[in-house]
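Here the structure is laid out as structure tokens; the discussion comes afterwards.
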Amino acid sequence: MLHLALFLIFGVIAVVGAINLIAQTHPINSALSLVVVMGSLAAEYLLLGAEFLGAIQVIVYAGAIMVLFVFTIMLLNAGAEEQTRGSKVAIIIGIPGMVIGSVAVAWALIRAHTGAEVPVGSLYGSAQGIGHLLFRDFLLPFEITSVLILIAIMGAVVLARRES
Amino acid sequence: MVPISYYLVLSAILFACGVLGFLIKRNVITIFMSIELMLNAVNLSFVAFASYWQALSGQVFVFFVMVVAAAEAAVGLAIIIAVFRTRQTLNPDRVNLLKL
């Protein structure tokens, strides 16, 4: 019961943050809403027992990536978003289509509910367990990821450098 | 005890918000943030299914998604800075020519 209440509280916070991200016109407000969404998703991970991922979510996503976003917004001195007329097709077909699609998906998910439930902290994702898996079964993907990060660092430096 | 479908519905709502923001926003940084929102929504369903099937590898996949998202954010923001330097705008509607 407490689990369900906490799930609903953090879920509502996440959805409100996501809607606020779309509703705000200034990018810095959108960035702060996204921090709220990521923080509440970290709480959802903790409810599922994934404590390592909850910590990583706060440190990497809400910490590092969002600082990068806020830094870029301030560096470029981005003002409020300028309003331009979107295409008519997007308004006439796109938004109703998205609403119908999401309602259909939610209805299908609720209807297919067979009483399958996730107990609180059922799968304890400790740093130790994930580390064992990461350095034994997923060693090759892990090493490839390190090469990817190296390429990303070089790409970011080359792209953001001022041409002399 | 929370049904798995609740997690999936929350994930679907967040993903839909991300898609909507990606389509209607007129600021390339906010569009980029919508992409991050979609990645987060998918991560939530990964973790929910990992608990459901009692498989820790689902959480390892979330770890990989986060790493790729961090790399993508670094490169993407560098591209945004490079575009802003040549165009002086963040509106993607004004970045519609290959030639300056």
Side-chain angles (χ1 to χ4, degrees), chain A residues 3-4 7 11 14-15 18-19 21-22 27 30-31 34 37-38 41 44-45 48-50 53 56 60-61 64-65 68-69 72-73 76 78 81-84 86 90 94 98 102 105-106 109-110 112-113 116-119 122-123 125 129-130 133-134 138 141 145 148-149 152 155-156 159-160, chain B residues 1-10 12-14 16-21 23-27 29-30 32-34 36-37 40 43-44 47-48 50-52 54-60 62-64 66-75 77-82 84-85 90-91 93:
Chain A
H3 186 194
L4 184 62
F7 169 81
V15 171
I19 291 170
L21 189 154
I22 301 173
S30 298
L34 192 55
V37 175
M38 286 168 176
L41 279 181
E44 299 278 1
Y45 291 169
L48 283 164
L53 285 181
I56 290 289
V60 173
Y61 255 126
I65 295 182
L68 203 59
F69 271 101
T72 309
I73 292 167
L76 300 184
E81 171 181 32
E82 44 184 304
Q83 297 293 330
T84 49
M98 200 209 74
S102 50
V105 167
L109 285 173
I110 294 284
H113 167 226
E117 292 190 331
V118 184
S122 59
L123 182 69
I130 290 188
L133 212 53
L134 200 58
F138 292 94
T145 311
L148 174 78
I149 296 240
L159 282 170
Chain B
M1 301 285 275
V2 176
I4 181 102
S5 53
Y6 286 17
Y7 282 103
L8 297 182
V9 168
L10 176 61
I13 291 171
L14 290 178
C17 287
V19 172
L20 189 64
L23 292 176
I24 69 172
K25 295 306 272 185
R26 287 286 172 272
N27 185 323
I29 296 178
T30 321
F32 209 55
M33 284 191 272
S34 304
E36 297 291 333
L37 184 61
N40 269 283
N43 279 350
L44 179 65
V47 177
S51 289
Y52 181 62
Q54 295 287 309
L56 204 55
S57 36
Q59 299 191 3
V60 176
V62 174
F63 178 78
F64 282 122
M66 283 179 182
V67 170
V68 173
E72 173 228 333
V75 176
L77 289 171
I79 291 174
I80 289 173
I81 291 174
F84 185 80
R85 203 172 274 152
L90 286 172
N91 190 341
D93 287 347

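Numbered from 1 within each chain, the chains take letters A, B, ... in sequence-line order. No experiment lies behind these values; they were computed from the predicted model shown. As a basis for the values below, the full set of heavy atoms in this structure was taken, side chains included, without hydrogen atoms, waters or symmetry mates.
Only the side chain of B/L10 comes within contact range of chain A, with at least one heavy atom under 4.5 Å from a heavy atom of that chain. Both the backbone and the side chain of B/A69 come within less than 4.5 Å of a heavy atom in chain A. Looking at A/A31, the atoms closer than 4.5 Å to chain B (heavy atoms on both sides) sit in the backbone and in the side chain alike. Within the 4.5 angstrom heavy-atom criterion, only side-chain atoms of A/F7, from C-beta onward, approach chain B. Only the side chain of B/A12 comes within contact range of chain A, with at least one heavy atom under 4.5 Å from a heavy atom of that chain. At a 4.5 Å heavy-atom cutoff, the contact between B/N40 and chain A is made by backbone and side-chain atoms alike. Contacts of B/I13 with chain A are made by side-chain atoms alone, with heavy-atom separations under 4.5 Å and no backbone atom involved.
Here the SG-CD1 distance, from B/C17 to A/I22, works out to 4.5 Å after rounding to the nearest 0.5 Å. To the nearest 0.5 Å, atoms CE (B/M33) and CD1 (A/I73) are separated by 4.5 Å. Separation of atoms CG (B/L77) and CZ (A/F69) is listed at 5.0 Å; rounding is to 0.5 Å. In this structure, CD1 in A/I65 is found 8.5 Å from CE in B/M66, a value given to the nearest 0.5 Å. In this structure, B/S57 OG and A/I130 CD1 are separated by 10.0 Å, a value rounded to the nearest 0.5 Å.
B/R85 and A/A160 get closest at one heavy-atom pair: NH1-O, 3.2 Å. The two atoms that bring B/L14 and A/A14 nearest to each other are CD2-O, 3.8 Å, heavy atoms only. When all heavy atoms of B/T30 and A/S30 are compared, the closest pair comes out as CG2-OG, 3.7 Å. Nearest heavy-atom pair, B/L56 versus A/G129, reported as atom, atom and distance to 0.1 Å: CD2-C, 3.6 Å. B/V47 approaches A/A50 most closely through the heavy-atom pair CG1-CB, 4.0 Å.
Comparing A/I56, A/T145, A/I149 by heavy-atom pairs within less than 4.5 Å of chain B, the highest count is held by A/T145. Contact count against chain B (heavy-atom pairs under 4.5 Å) is highest for A/L53 among A/L133, A/L34, A/L53, A/L4.
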Does the side-chain contact (heavy atoms from CB on, under 4.5 Å) test come out yes or no for B/L37 and A/V37, once each step is laid out?
CA-CA 8 Å; B/L37 184 61; A/V37 175; 3.7 Å; yes
*asked:* For a side-chain contact (heavy atoms from CB on, under 4.5 Å) check, start with the C-alpha distance between A/Y45 and B/Q59, then their side-chain angles and the critical distance, and finish with the verdict.
replied: CA-CA 10 Å; A/Y45 291 169; B/Q59 299 191 3; over 6 Å; no
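In this structure, A/T72 and B/F84 have side chains that are not in contact, with every pair of non-hydrogen atoms separated by 4.5 Å or more. With a 4.5 Å cut-off on side-chain heavy atoms, A/L41 and B/N43 do not count as touching. Inter-residue side-chain proximity for A/L76 and B/L90 is flagged as met; some heavy-atom pair is nearer than 4.5 Å. The shortest side-chain heavy-atom distance between A/F138 and B/F64 falls under the 4.5 Å cut-off.
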